[in-house]
Amino acid sequence: NLGIINIPVYVHVIYSNSQENISDNQINSQISVLNNDFRASNNDVNQVPSEFSGLVADSEINFTLAGTFRHSNSRTSWGTNDAMKAAYPPVSPSTHLNVWVCNIGGGILGYAQFPGGSSSTDGVVISPQYFGTTGYVSAPFNKGRTATHEVGHYLNLRHIWGDGNCRRDDFVSDTPSSDGPNYGCPSYPTVNCRSNDMTMNYMDYTDDACMYMFSEGQKSRMRSIFASGGPRAAMAN
Ligand code: ARG
Ligand code: ZN
Ligand code: CA
């Protein structure tokens, strides 16, 4: 047992206008959401239906802001091909989560790299208007859950529907299978693949206000990457 794992976070803010140069308050609001969501101390966890409430996990992972880097750049949209990471490389990615906050464009909220990839592109990218809960934020993605979702990928979680049909797995046994993403704010129960979907899981595609749990199976999948020999073992020292 590794106990509580603390992940230090570097935030790279890349801005082409003053709105995108988000405030320290906005950055801190996102760190708070990550801590609440990964410790199951989010104030909406009580909305989990009883069918799934026994599966709610405190992942025992927490996050500390280790530094913020601010870069003015005339580029107004950065896409998803890691151009921002080439321009502003990650700092100590084997021990730190690097987050680039810059306008991705194309309506994309964020994207992440799974563990085991190149260290030169390791981390997550989030558009500023979907980062944190205060300042330059845009409903219904203004509750900081894009970062929760992307950090879930960074810690090896797949989408809850396994990115495929009912037989496609997310490699987590306690998350019910589904055949595709759910959007908006689905009512309970939402039935697919002959069982109720866990639409309130952070790894679905619902609105920020409608996702509020990781499962115990997701917790074990995340924590196994920190074990000795695992792809993020250096983070748990
Ligand atoms: N579409 C993005 C992805 O697949 C993020 C989805 C985040 N959802 C949210 N409610 N903030 O990684
Ligand atoms: Zn995703
Ligand atoms: Ca599953």
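In what follows, every heavy atom counts, from backbone to side chain, and hydrogens, waters and symmetry copies are set aside. Read the numbers this way: they start at 1 and go in the same order the structure lists the ligands and their atoms.
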(message) Under 4.0 Å between a side-chain nitrogen and a carboxylate oxygen: does that hold for R145 and D37?
(response) yes
(message) Closer than 4.0 Å to some heavy atom of D208 - which atoms of ligand 1 meet that?
(response) 9 (C), 10 (N), 11 (N)
(message) Please report, to 10°, the angle around the Zn ion (ligand 2) from atom NE2 (H159) across to atom NE2 (H149).
(response) 110°
(message) Tell me which N, O or S atom from D170 is the closest to the Ca ion (ligand 3).
(response) OD1
(request) Determine whether more than 12 heavy atoms belonging to other residues, nucleotides or ligands lie under 6.0 Å from atom CZ of R75. (result) yes
(message) As a quick check of understanding, evaluate ring pair (Phe, Tyr, Trp, His ring centres under 6.0 Å) for F69 and Y88, giving each step before the final call.
(response) CA-CA 9 Å; F69 307 100; Y88 307 107; 9.9 Å; no
(message) Using a 4.0 Å cut-off to any heavy atom of R145, which atoms of ligand 1 qualify?
(response) 11 (N)
(request) Could you tell me whether T206 approaches ligand 1 through its side chain, its backbone, both or neither, with non-hydrogen atoms closer than 4.0 Å? (result) backbone
(request) Report yes if some N/O of Y205 lies less than 3.5 Å from some N/O of ligand 1; otherwise report no. (result) yes
(message) Between R232 and D122, is the side-chain contact (heavy atoms from CB on, under 4.5 Å) condition met? List the steps.
(response) CA-CA 11 Å; R232 298 204 187 282; D122 200 14; 2.7 Å; yes
(request) Using a strict 4.0 Å cut-off to heavy atoms of G110, name the atoms of ligand 1 that fall inside it. (result) 2 (C), 12 (O)
(request) Provide the number and element of each atom of ligand 1 under 4.0 Å from a heavy atom of T146. (result) 9 (C), 11 (N)
(request) Measure from the Ca ion (ligand 3) to each N, O or S atom of S177 and report whether any distance is below 3.0 Å. (result) no
(request) Please indicate whether any nitrogen or oxygen in H149 is less than 3.5 Å from any nitrogen or oxygen in ligand 1. (result) yes
(message) Please find the pair of heavy atoms, one from M235 and one from S94, that lie closest to each other, and give the distance.
(response) CG-O, 3.5 Å
(request) Could you point out which residue of Y130, F131, Y111 forms a side-chain contact (heavy atoms from CB on, under 4.5 Å) with T146? (result) Y130
(message) I need the M198 CE to L55 CG distance, nearest 0.5 Å.
(response) 5.0 Å
(request) Specify the closest pair of heavy atoms between E60 and R223, including all atoms of both residues, with the distance to one decimal. (result) O-NH1, 3.0 Å
(message) At less than 4.0 angstrom from any non-hydrogen atom of H159, what atoms of ligand 1 do you find?
(response) 4 (O)
(message) How far is atom 7 (C) of ligand 1 from the closest protein heavy atom, and which atom is that?
(response) L109 CD1, 3.7 Å
(request) Please name the pair of heavy atoms, one in G132 and one in Q30, separated by the smallest distance, quoted to 0.1 Å. (result) N-OE1, 2.7 Å
(request) If you have a sec, work out which protein heavy atom is nearest atom 3 (C) of ligand 1 and how many Å separate them, to one decimal? (result) E150 OE2, 3.3 Å
(message) So, regarding Y111 and ligand 1 (criterion: nitrogen or oxygen to nitrogen or oxygen, under 3.5 Å), is there a contact or not?
(response) no
(message) Under 3.0 Å from the Ca ion (ligand 3), can any N, O or S atom of I160 be found?
(response) no
(request) Over all heavy atoms of both residues, which pair between I22 and R70 is shortest? Give the atoms and the distance, please. (result) O-NH1, 2.7 Å
